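Heads up, the thing below is written out as structure tokens.
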Amino acid sequence: MATNTAHEPQGRHQSKKAAASGWIGSALEYYDFFIYATAAALIFPQIFFPKGDPTTAIVASLATYGVGYVARPIGAFVLGHWGDTHGRKQVLVLCMFLMGFSTVAVGLLPTYDQVGLLAPVLLVLLRLIQGFAVAGEISGASSMILEHAPFGRRGFFASFTLQGVQAGQILAAAVFLPLAHYMPEEAFNSWGWRIPFLLSFLVIVAGYIIRREVDETPAFAEVDKKGEVAKAPIVQAFTDSWADMLRVVCMALMNVIPVVATVFGAAYAVQAAYGIGFQKDVYLWIPVLGNILAVIVIPFVGNLSDRIGRRPPIIVGALLSGLLSFVYLYAISIRNVQLAIVMSLLMWGIVYQGYNATFPSFYPELFRTRNRVSAMAISQNIGTTFTALLPALFAAVAPPGSTNVWFTVGAITFAVTVLAALAALSARETYRIRMNDLGKPDAVPVDKQEYDRMREKTLQDARLAKAAA
């Protein structure tokens, strides 16, 4: 018992409340992030930019979407530091308010006709705040859920962070697309587009109520009580864990799969210059259906990672989704709509979730409690930001009119997923390492038979508690 006490922090574990807090926060933040993306494509060029040159307005509007990714690394440094010095709970509440209120503010912005150039300036400023805020959400929520979860179930509970992300994207589509489709165009352009942004206020209230009920994690509270909270967690992260941070940067490049599925794949299929000629409304369903599949698959993969380890789902998910990208893009090239949609859903909605459901537990498990949020936030957001540049790279190396577009883009995608798989392969396995030993290169994992016994007891206790309730 003394050994267990030394390896696990003592305190009240609020596994379900922490998971609910992470879920709703991630759902809110990515709902906000993606309604902006939708609006930037559908409506912002007409209302926030000069009307003389439609092409310039479209480019400028989409550029404001990209600005959110530019702000991510900055947010990762600031919010990562905050999460490691002030606690997981505080940084998550801060992220939620920054994202929520900046999104509501977008819904209240005056248009270009009303205030001229001030309109796009304010729009860019609010988008920067959104990108800044979202940089701390996944790392903070993953760390909080992980540190509240019982040993043997960290993968399952941490996966709810990403389930919330996918649910937020579904919610964004469910709110925005019907309004755009059913409202009269004049009413939608005048005030209807503001509704999804203003609805964020309701989610802020719900999120705050849930998050205030969650205690600080036992792991951080123990570090705080011992006076071991790092004064410069970012410096410590780079000093102690630079190799694992580099691995996370490489693994985070797996964001190439949703980029191929929903950004380049859509452009390749729909844009007239490529000559494929798919209908736009067909492609609107790919992210919706893909996210619905992901919501279903994620908890099962998270649970699987608690049984077989973190690395196998990530490696298999990376390599197989990279291979499927060839088939998906080839299906577009031969104008087979049904095959393209099925391959997209298989590649992104199912196989990719081997990575997507597992990294919320694997990444924070690679780092020590005192610099966990900083190390994960910085490295993950740097990797994700790189992938935001990939659509431009794809268009440059496989422009309209070139031959074998599907093979060229598929080869780059597969190369990226191989790099991510190699990064996961080179990392140490973490699922059987006790909480207080995480991040230590010489940490000894619990014996597999003993781990399985402990995990089964945790599951049995959960079943008994549920039956008693």
Side-chain angles (χ1 to χ4, degrees), residues 9 22 69 71-92 94-95 131-148 154 158 161 216-255 310-311 314 358-387 420 423-424 426-430 433-443:
Y69 284 92
R72 278 191 179 201
I74 302 168
F77 276 89
V78 176
L79 296 170
H81 174 88
W82 192 274
D84 284 327
T85 55
H86 292 78
R88 311 338 184 187
K89 181 175 179 176
Q90 281 204 32
V91 77
L92 288 176
L94 176 62
C95 289
F132 180 91
V134 83
E137 175 62 34
I138 289 180
S139 56
S142 298
S143 296
M144 169 170 267
I145 297 174
L146 184 90
E147 292 171 4
H148 267 300
R154 296 191 304 230
T161 306
E216 187 52 77
T217 69
F220 182 83
E222 188 175 275
V223 168
D224 191 24
K225 186 178 179 181
K226 291 178 179 178
E228 296 175 354
V229 172
K231 290 184 173 60
I234 295 171
V235 174
Q236 279 195 355
F238 279 103
T239 303
D240 298 344
S241 308
W242 66 268
D244 283 322
M245 290 179 71
L246 182 59
R247 289 184 178 97
V248 171
V249 170
C250 293
M251 285 186 279
L253 296 175
M254 276 298 297
N255 196 53
R310 314 296 187 221
R311 295 189 304 173
I314 290 179
T358 308
F359 86 76
S361 54
F362 191 41
Y363 289 180
E365 284 177 340
L366 290 171
F367 306 111
R368 298 173 189 254
T369 300
R370 62 174 180 256
N371 54 37
R372 178 167 292 134
V373 182
S374 297
M376 178 179 172
I378 292 167
S379 47
Q380 191 228 343
N381 279 288
I382 288 174
T384 303
T385 301
F386 281 141
T387 64
S426 70
R428 60 190 175 278
E429 187 54 85
T430 55
I433 296 176
R434 291 287 205 163
M435 179 62 65
N436 286 350
D437 297 329
L438 291 173
K440 298 177 182 177
D442 58 349

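Bear in mind that the values here come from a model prediction, so they are computed numbers and not experimental data.
Taking the side chain to side chain contact (heavy atoms under 4.5 Å, CB included) definition, one finds that A427 meets it with R247, F362, L366, sequence neighbours left out. E137 pairs by the salt bridge (charged side-chain N to carboxylate O under 4.0 Å, His left out) definition with R211, not counting sequence neighbours. Remark: D84 pairs with R88, S374 by the side chain to side chain donor-acceptor pair (under 3.5 Å) rule, at least two apart or across chains. Residues meeting the side chain to side chain contact (heavy atoms under 4.5 Å, CB included) test with A375, sequence neighbours left out: A237, M245, F367. K440 is linked by a salt bridge (charged side-chain N to carboxylate O under 4.0 Å, His left out) to D437, counting only residues two or more places apart in sequence or in another chain. Qualifying side chain to side chain contact (heavy atoms under 4.5 Å, CB included) partners for K231, counting only residues two or more places apart in sequence or in other chains: none. Every residue was checked against the side chain to side chain donor-acceptor pair (under 3.5 Å) condition with T385, not counting sequence neighbours, and none meets it. Among residues two or more places apart in sequence or in another chain, the side chain to side chain contact (heavy atoms under 4.5 Å, CB included) test is passed with A252 by Y355, Y363, Q380, T384. For E228, the salt bridge (charged side-chain N to carboxylate O under 4.0 Å, His left out) test picks out no residue, with sequence neighbours left out.
Here the closest non-hydrogen pair linking R310 and R154 is NH2-CB, 3.8 Å. Of all heavy-atom pairs spanning A377 and G80, the tightest one is CB-CA, 4.5 Å. Scanning both residues, S139 and A135, for their nearest heavy atoms gives OG-O, 3.8 Å. Heavy-atom minimum distance, A443 versus I433: CB-CG2, 3.9 Å.
In terms of modelled atom types and a separation under 3.5 Å, the side chain of T217 and the main chain of F220 share a donor-acceptor contact. Of the possible donor and acceptor atoms, none in the side chain of S241 sits under 3.5 Å from a partner among the backbone N and O of F238. Looking at Q90, its side chain never comes within 3.5 Å of a backbone N or O of W82 through a donor-acceptor pair. Looking only at distances, a side-chain donor or acceptor of S426 sits under 3.5 Å from a matching main-chain atom of A423.
Separation of atoms CD (E216) and NZ (K89) is listed at 8.0 Å; rounding is to 0.5 Å. How far CG of N381 is from CE of M376: 9.0 Å, rounded to the nearest 0.5 Å. To the nearest 0.5 angstrom, M435 atom CE is 14.5 Å from R368 atom CZ. The OG1 atom of T239 lies 11.5 Å from the CD1 atom of I234; values are rounded to the nearest 0.5 Å. To the nearest 0.5 Å, the span separating CG on D244 from OG on S379 amounts to 9.0 Å.
Results of the side-chain contact (heavy atoms from CB on, under 4.5 Å) test with V373 over S143, S142, P233 single out S143 as the only residue that passes.
For the pair M254 and I314, the minimum side-chain heavy-atom distance is 4.5 Å or more. The side-chain heavy atoms of C95 and L79, taken from C-beta on, include a pair separated by under 4.5 Å. Annotation: side chain of H86 is not in contact with side chain of V91 (no heavy-atom distance under 4.5 Å). When side chains are defined from C-beta on, F359 does not count as touching V248, because their heavy atoms never get closer than 4.5 Å. A heavy-atom distance below 4.5 Å is not found between the side chains of L438 and T369.
A salt bridge (charged side-chain N to carboxylate O under 4.0 Å, His left out) check over residues 369-378, counting only residues at least two apart or in different chains, returns the pairs E147-R372, D240-R370.
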Side chain to side chain contact (heavy atoms under 4.5 Å, CB included) between I145 and T161, worked out: CA-CA 8 Å; I145 297 174; T161 306; 3.3 Å; yes
